[in-house]
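Letters A, B, ... mirror the listed sequences (proteins, then strands); counts begin at 1. All values derive from a computational prediction rather than experimental measurement.
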Amino acid sequence: DAGVTQSPTHLIKTRGQQVTLRCSPKSGHDTVSWYQQALGQGPQFIFQYYEEEERQRGNFPDRFSGHQFPNYSSELNVNALLLGDSALYLCASSFLGDTEAFFGQGTRLTVV
Amino acid sequence: DAKTTQPTSMDCAEGRAANLPCNHSTISGNEYVYWYRQIHSQGPQYIIHGLKNNETNEMASLIITEDRKSSTLILPHATLRDTAVYYCIVRVSYNQGGKLIFGQGTELSVKP
């Protein structure tokens, strides 16, 4: 049983560009959350998706948007990239309201 | 903002018990204490969680004080592979989205 998978693993983008990161949740999980982890910091909650809708959002600008598909997979989109968006982006999946969230290995985004 | 306070770093001898403390003095009655760990450049890994009672699983034990203002994660026989950053997290209640609010974590170094 595959766990949470994220793609790509690494990505380099230029300031001002747009990027899309992808996440496939653990089999059977219906909820996907995204986190941003800057170097040396703990992960910060971006938003959570359930039933194809954004259920909750952290303190991130509208440049960060997402989507969840009927098969529960999810995308994170970031527009107008800034140098400060360079980070490890983590996807976590769970059953809604369940106790344990499983994390993927993350996508390392570098903005130059 | 994170609702937990942890020491920045700790050392432990291989084979000994590692005791990682955490303060969460503002925890609410329906909020759980979670522990995750993150080995360098990987996604966080769930360890254990609890509400009021002490908990034990195959990885660790969680001791929560009676007033719930602090807790201790115990790795009974630390190995070199337990070297990681350990995050103590107060999980927001389900009705508030259930997001995980990470702090800075404790960097545990297990030494031979």
- prompt: Any link between B:Ile64 and B:Val90 through a network of hydrophobic side chains (Ile, Leu, Val, Met, Phe, Trp, Tyr) touching at under 4.5 Å?
  reply: yes
query: Side chain, backbone, both or neither: which part of B:Gln38 has a non-hydrogen atom closer than 4.5 Å to chain A?
result: side chain
message: Using a 3.5 Å distance criterion without hydrogens, assess whether the side chain of A:Tyr35 forms a donor-acceptor pair with backbone atoms of B:Phe102.
response: no
message: Taking side chain as everything from C-beta outward and backbone as N, CA, C, O, which of these in A:Tyr50 sits under 4.5 Å from a heavy atom of chain B? Side chain, backbone, both or neither.
response: neither
statement: Smallest heavy-atom separation, B:Tyr87 atom then A:Gln41 atom, equals OH-O, 3.7 Å
- prompt: Going by the disulfide bond (SG atoms under 2.5 Å apart) test, which pairs reach into residues 29-58 of chain A, not counting sequence neighbours?
  reply: none
query: Side chain, backbone, both or neither: which part of A:Gln6 has a non-hydrogen atom closer than 4.5 Å to chain B?
result: neither
message: Do A:Tyr72 and A:Trp34 sit in one hydrophobic cluster, given that two such residues count as connected whenever their side-chain heavy atoms are within less than 4.5 Å of each other, even indirectly?
response: no
message: When you group the ILVMFWY residues by side-chain heavy-atom contacts below 4.5 Å and let the links chain together, are A:Val111 and A:Val19 in the same group?
response: yes
message: Tell me whether B:Asp67 at atom CG has more than 12 heavy atoms from other residues, nucleotides or ligands lying less than 6.0 Å away.
response: yes
message: What's the separation between atom NZ in B:Lys99 and atom CZ in A:Arg57, rounded to the nearest 0.5 Å?
response: 11.5 Å
query: Between CD of A:Glu100 and CZ of B:Arg91, what distance do you get to the nearest 0.5 Å?
result: 9.5 Å
- line: Pair count under 4.5 Å, heavy atoms only, with chain A: among B:Pro44, B:Gly43, B:Gly105, highest is B:Pro44
Salt bridge (Lys or Arg N to Asp or Glu O under 4.0 Å) partners of residues 17-30 of chain B, not counting sequence neighbours, each pair once: none
- request: Measure the CZ-CD distance between A:Phe103 and B:Gln42 for me, rounded to the nearest 0.5 Å.
  value: 13.5 Å
query: B:Met59, B:Leu100: one ILVMFWY side-chain cluster at the under-4.5 Å cut-off?
result: no
